[in-house]
Amino acid sequence: MNDFEVVAQPRTARGTSASRRLRRSGQIPANLYGEGKDSTPLMLEENRIRKQIENEAFAAHILTVKIEGEENQAVLKSVHRDPVTDRVIHMDFQRISARSEIHMHVPLHFVNEEECPGKKAGGIVTHLLVEVEVGCLPKDLPEYVEVDMTSLEVGDSVHLSQLVLPEGVQVMALAHNPDNDQPVVSVQHPQKAEAEEEGSDAEEDFAAPESGAAED
């Protein structure tokens with residue numbers, strides 16, 4: 001089995017109690033949905049899937065979900081974790097078609113940061129985004145988007161519109177609104193970075209307290 005092949009079994013028992021029993025037996029409840037088909041409840045072997053999701057590319061790759069020998073092309077849409085133990089407690093997969101565009105969050109890889117002139121001059125590098133949502137056909141989905149910082153000086157930044165994308169791939173934030181050209185990474189003068197950080201701290205200090213959320 002490769003890193004992008006998910007072996008699953010049908011799940012018949014539903015509900016909170018059934019899911020707890022599954023987890024105690026080393027299984028993870030999951031769902032496979034999309035492409036006009038009914039949602040399929042699944043269970044996955046926890047030890048196997050835990051190793052797979054340690055691979056960053058697993059979350060931005062076309063997966064083969066095998067259910068009793070039947071292969072389904074899908075992408076990972078969500079991973080739910082226990083807030084205390086960080087253990088995976090539920091996963092959702094979305095079926096895909098080779099002819100239909102998909103929207104996925106893919107990681108940003110910042111390269112040549114140590115060679116960045118702005119950093120060498122004492123500038124503070126700030127990663128403003130760590131991933132970006134892209135739209136494309138499944139065959140064009142990149143595992144990551146590279147951000148080259150070779151030429152960044154103090155005061156420079158890289159915006160969404162400056163990302164180098166494979167052919168057929170678009171940034172969804174810009175597709176929805178071309179004016180939403182937010183920065184991805186910036187190199188600031190140390191004093192400016194410190195001033196902005198202090199301003200942020202001050203806003204938090206004077207923020208009005210929020211009322212407690214009601215428990216379910």
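One-based numbering along the sequence shown.
Shown here are the side chain to side chain donor-acceptor pair (under 3.5 Å) partners of Asn72, two or more places apart in sequence or in another chain: there are none. In this structure, the side-chain contact (heavy atoms from CB on, under 4.5 Å) partners of Val79, at least two apart in sequence or on a different chain, are Leu76, Arg81, Val88, Met91. By the salt bridge (charged side-chain N to carboxylate O under 4.0 Å, His left out) test, Lys119 is found to be paired with Glu113, Glu114, residues two or more places apart in sequence or in another chain being considered. Partners of Asn55 under the side chain to side chain donor-acceptor pair (under 3.5 Å) rule, at least two apart in sequence or in another chain, are Asp3. In this view, Asn177 and Asp179, Asn180 satisfy the side-chain contact (heavy atoms from CB on, under 4.5 Å) rule, not counting sequence neighbours. Residues forming a side-chain contact (heavy atoms from CB on, under 4.5 Å) with Asp38 (at least two apart in sequence, or on another chain): none. Listed by chain and residue number, Glu46 satisfy the salt bridge (charged side-chain N to carboxylate O under 4.0 Å, His left out) test with Arg87 (two or more places apart in sequence, or in another chain). In this view, Pro178 satisfies the side-chain contact (heavy atoms from CB on, under 4.5 Å) rule with no residue, not counting sequence neighbours. For the side chain to side chain donor-acceptor pair (under 3.5 Å) test, no residue two or more places apart in sequence or in another chain qualifies with Ser100.
Evaluation of the ring pair (Phe, Tyr, Trp, His ring centres under 6.0 Å) test over residues 122-155, restricted to residues two or more places apart or in two chains, returns His109-Tyr144, Phe110-His127. Pairs passing the ring pair (Phe, Tyr, Trp, His ring centres under 6.0 Å) check and including a residue from residues 41-87, sequence neighbours excluded, read Phe4-His61, His80-His90.
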**OP:** Please lay out, stage by stage, how Asn31 and Arg11 fare under the test side chain to side chain contact (heavy atoms under 4.5 Å, CB included).
**Re:** CA-CA 9 Å; Asn31 287 317; Arg11 173 168 56 96; 3.1 Å; yes
Subject >> Verdict with reasoning, Leu32 to Arg95, per side chain to side chain contact (heavy atoms under 4.5 Å, CB included) >> reply: CA-CA 7 Å; Leu32 174 66; Arg95 296 185 186 92; 3.7 Å; yes
**OP:** Show the numbers, then the answer: is there a side chain to side chain contact (heavy atoms under 4.5 Å, CB included) between Leu63 and Val75?
**Re:** CA-CA 6 Å; Leu63 309 173; Val75 292; 5.8 Å; no
**OP:** Give the intermediate values and the outcome of side chain to side chain contact (heavy atoms under 4.5 Å, CB included) for residues Glu68 and Gln9.
**Re:** CA-CA 7 Å; Glu68 297 184 320; Gln9 299 295 326; 4.0 Å; yes
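Hydrophobic clustering (side-chain heavy atoms under 4.5 Å, transitive across Ile, Leu, Val, Met, Phe, Trp, Tyr) keeps Tyr33 apart from Phe93. Cluster membership for Ile49 and Ile89, using ILVMFWY side-chain heavy atoms within less than 4.5 angstrom, is not shared. Clustering ILVMFWY residues whenever any of their side-chain heavy atoms sit less than 4.5 angstrom apart, transitively, puts Val187 in the very cluster that holds Leu108. Leu128 and Leu152 fall into different hydrophobic clusters, where Ile, Leu, Val, Met, Phe, Trp and Tyr side chains are chained together by heavy-atom contacts under 4.5 Å. Both Val125 and Val132 are assigned to one and the same hydrophobic cluster, defined by single-linkage of ILVMFWY side chains at heavy-atom distances under 4.5 Å.
Between the side chain of Gln52 and the backbone N or O of Glu5, at least one donor-acceptor pair lies under 3.5 Å. Proximity of a side-chain donor or acceptor of Asp181 to a complementary backbone N or O of Ser161 within less than 3.5 Å is detected. With Ser97 contributing its side chain and Arg99 its backbone, the two residues share a donor-acceptor pair below 3.5 Å.
Ile67 has its side chain within reach of Pro10: a pair of non-hydrogen atoms, C-beta onward, lies under 4.5 Å apart. For the pair Glu45 and Val7, the minimum side-chain heavy-atom distance is 4.5 Å or more. Using a 4.5 Å heavy-atom threshold, the side chains of Gln162 and Ser157 count as separate.
In this structure, Gly123 and Val154 approach most closely via the heavy-atom pair CA-CG2, 4.1 Å. Across all non-hydrogen atoms, the minimal contact from Glu143 to Ala57 is OE1-CB, 3.5 Å. The nearest pair of heavy atoms linking Pro166 to Pro142 is CG-CB, 4.1 Å. Closest approach of Asp156 to Ser151, counting heavy atoms only: OD2-O, 3.9 Å. The minimum heavy-atom distance linking Pro41 with Arg14 is given by the pair CG-NH1, 3.3 Å. Taking every heavy atom of both residues into account, Leu42 and Ala8 meet most closely at CD1-CB, 4.0 Å.
Considering CG of Leu174 and CD of Gln182, their distance stands at 8.5 Å, rounded to 0.5 Å. Note that CG of Leu141 is 11.0 Å distant from CD of Glu101, once rounded to the nearest 0.5 Å. One distance of note links CE of Met104 with CE of Met172; it measures 13.0 Å at 0.5 Å rounding. Rounded to the nearest 0.5 angstrom, Gln94 CD and Ser78 OG are separated by 10.5 Å. Remark: Thr64 OG1 to Glu70 CD distance equals 12.0 Å, nearest 0.5 Å. Between Ile28 atom CD1 and Arg48 atom CZ the span is 12.0 Å, to the nearest 0.5 Å.
Screening Val158, Leu160, Val147, Val185 for a side chain to side chain contact (heavy atoms under 4.5 Å, CB included) with Leu129, the sole residue that qualifies is Leu160.
Grouping Ile, Leu, Val, Met, Phe, Trp and Tyr residues whose side-chain heavy atoms lie under 4.5 Å apart, directly or via other members, places Leu22 in a hydrophobic cluster with Met43.
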